[in-house]
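We name chains A, B, ... by the order of the sequence lines, and we start the count at 1 in each one. What you are looking at is a predicted structure, and each value in this text was computed from that prediction instead of being measured.
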Number of protein chains: 2
Amino acid sequence: MSQKTAAPSDSPEVLRLDNQLCFALYGAANRMTRLYRPLLDALGLTYPQYLAMLVLWEQSPRTVGALGDALDLDSSTLTPLLKRLEAGGLIARRRDPEDERRVIVDLTDKGRALRDRAIDVPEKLFCALDMPLDAMAALRERLKAVAR
Amino acid sequence: MSQKTAAPSDSPEVLRLDNQLCFALYGAANRMTRLYRPLLDALGLTYPQYLAMLVLWEQSPRTVGALGDALDLDSSTLTPLLKRLEAGGLIARRRDPEDERRVIVDLTDKGRALRDRAIDVPEKLFCALDMPLDAMAALRERLKAVAR
DNA sequence: TGAATTTATATCGTACACGATTAAATCGTT
DNA sequence: AACGATTTAATCGTGTACGATATAAATTCA
């Protein structure tokens with residue numbers, strides 16, 4: 001056996017890429033963002049921006065902190081993202097008069113209107129995935145469990 | 001019902017964050033990287049760098065392209081990452097004399113030696129995850145199927 | 001009250017991801 | 001041989017992620 005080239009079997013099983021749940025997760029997440037991109041480009045959104053809009057379409061206004069709780073992201077990620085959404089005219093940000101530490105994020109009319117154009121994104125992605133609905137639901141719940 | 005605040009039920013089911021497989025994927029992947037961080041900090045690696053090292057521990061040398069196929073990443077992501085691994089003394093990069101377009105990535109002694117210190121990372125992460133082994137395997141295969 | 005602590009964002013530096021473009025080397029076909 | 005098409009990495013610009021730190025407002029409590 002070659003001395004210079006490590007054959008696959010030389011690597012312990014636990015270090016094999018194929019065996020790693022986390023790599024599968026990492027790869028699938030990257031793929032997913034790439035799958036979304038063409039759909040979201042039409043809306044002028046990135047995937048994380050789309051997620052933020054989903055949260056706001058569900059309920060608005062919300063504070064930056066509440067948004068971060070929903071998305072599991074902190075302000076160092078959200079602040080620049082929200083500034084870009086604001087620059088795009090989709091949201092408005094203002095300090096909470098009740099508590100000047102908080103920043104309230106609210107949809108603009110343009111932001112609300114975008115929901116109508118986003119309504120068929122899940123359907124299109126579902127088709128692109130080509131996976132039974134119940135399998136998707138099962139996988140989703142497993143992943144939520146992983147994320148605790 | 002309020003005009004200014006959209007209640008959760010106002011958003012169509014398909015746009016609810018809770019229902020989105022992709023968000024579950026996105027969140028779980030982010031969590032996973034955060035879970036790895038303290039373990040990998042000790043090795044001086046980021047999570048994507050760790051993945052690249054896993055691939056090289058399995059087989060080296062490899063071209064940048066082969067590495068990209070294994071990780072499903074392209075050169076715009078890999079080139080800077082590999083330069084950092086090279087700067088850290090873990091790998092060496094050289095043009096393939098056979099085909100000057102290709103760049104061959106190989107482990108240094110230091111890179112090979114790092115495997116011994118990385119050997120217990122999967123075990124530690126497995127403990128942190130606290131999930132039955134067969135459930136992990138099942139989830140992993142599901143995710144690979146999603147990524148096609 | 002007022003100092004110490006906590007809380008809510010923002011800022012900064014580092015490191016991915018990825019589309020688009022570039023540049024060099026190789027290949028195919030004539 | 002020649003030259004256009006293809007392949008392989010690198011480069012560039014934009015947008016996340018996130019730890020560490022900063023800042024300011026609110027809260028606690030001595």
TODO: Find out whether A/Leu54 and A/Leu51 are in side-chain contact, i.e. whether some heavy atom of one side chain is under 4.5 Å from a heavy atom of the other.
DONE: yes

Open item on the list: For A/Glu98 versus A/Asp96, what's the shortest heavy-atom pair and its separation?
Closed with: N-OD1, 2.9 Å

Task: Residues, nucleotides or ligands: over 12 heavy atoms within 6.0 Å of A/Lys124 NZ - done: no

Open item on the list: Judged by each residue's nearest nucleotide on DNA chain D, which is more toward the 5′ side, B/Leu78 or A/Tyr47?
Closed with: B/Leu78

Open item on the list: Is the ring pair A/Tyr47/A/Tyr36 parallel, tilted or perpendicular, if the boundaries are 30 and 60 degrees?
Closed with: tilted

Open item on the list: Closer than 4.0 angstrom, basic N to acidic O: yes or no for A/Lys83 and A/Glu86?
Closed with: no

Open item on the list: Looking at A/Lys83, I'd like to know whether one of its side-chain N or O atoms comes within less than 4.0 Å of OP1 or OP2 on C/dT11.
Closed with: yes

Open item on the list: Salt bridge or not between A/Asp134 and A/Arg140? Use side-chain N to carboxylate O under 4.0 Å.
Closed with: no

Open item on the list: For a side chain to side chain contact (heavy atoms under 4.5 Å, CB included) check, start with the C-alpha distance between B/Leu40 and B/Thr46, then their side-chain angles and the critical distance, and finish with the verdict.
Closed with: CA-CA 6 Å; B/Leu40 296 180; B/Thr46 65; over 6 Å; no

Task: CG (B/Asp130) with more than 12 external heavy atoms under 6.0 Å - done: no

- [ ] Test A/Leu15 against B/Tyr50 for side chain to side chain contact (heavy atoms under 4.5 Å, CB included), laying out the working first.
- [x] CA-CA 10 Å; A/Leu15 289 184; B/Tyr50 169 68; 4.1 Å; yes

Task: Side-chain donor/acceptor contact of A/Ser75 with base of C/dA10 under 3.5 Å - done: yes

Task: First and last nucleotide of DNA chain D, 5' to 3', lying under 4.0 Å from heavy atoms of chain B - done: D/dT7 to D/dG19

Open item on the list: Any salt bridge linking B/Arg62 with B/Asp69? Criterion: basic side-chain nitrogen under 4.0 Å from a carboxylate oxygen.
Closed with: no

Open item on the list: Nearest whole Å is fine: how far is C/dA8 P from A/Leu82 CG?
Closed with: 16 Å

TODO: Within residues 91-104 of chain A, find the residues that approach DNA chain C with a heavy atom at under 4.0 Å, and present them sorted by residue number.
DONE: A/Arg93, A/Arg95, A/Arg101, A/Arg102, A/Val103

Open item on the list: Rounding to an integer number of Å, can you tell me how far A/Glu86 CD sits from C/dT9 P?
Closed with: 14 Å

Please list, pair by pair, any protein nitrogen or oxygen found under 3.5 Å from a nitrogen or oxygen in nucleotides 17-19 of chain C.
| residue | atom | partner | partner atom | Å |
| --- | --- | --- | --- | --- |
| C/dA17 | OP2 | A/Tyr26 | OH | 2.3 |
| C/dC18 | OP1 | A/Asn30 | O | 3.4 |
| C/dC18 | OP1 | A/Arg34 | NE | 2.7 |
| C/dC18 | OP1 | A/Arg34 | NH2 | 3.4 |
| C/dG19 | O6 | B/Ser76 | OG | 3.1 |

Open item on the list: Quick check against the 3.5 Å criterion: does A/Ser75 have a side-chain atom that pairs as donor or acceptor with the backbone of A/Leu78?
Closed with: no

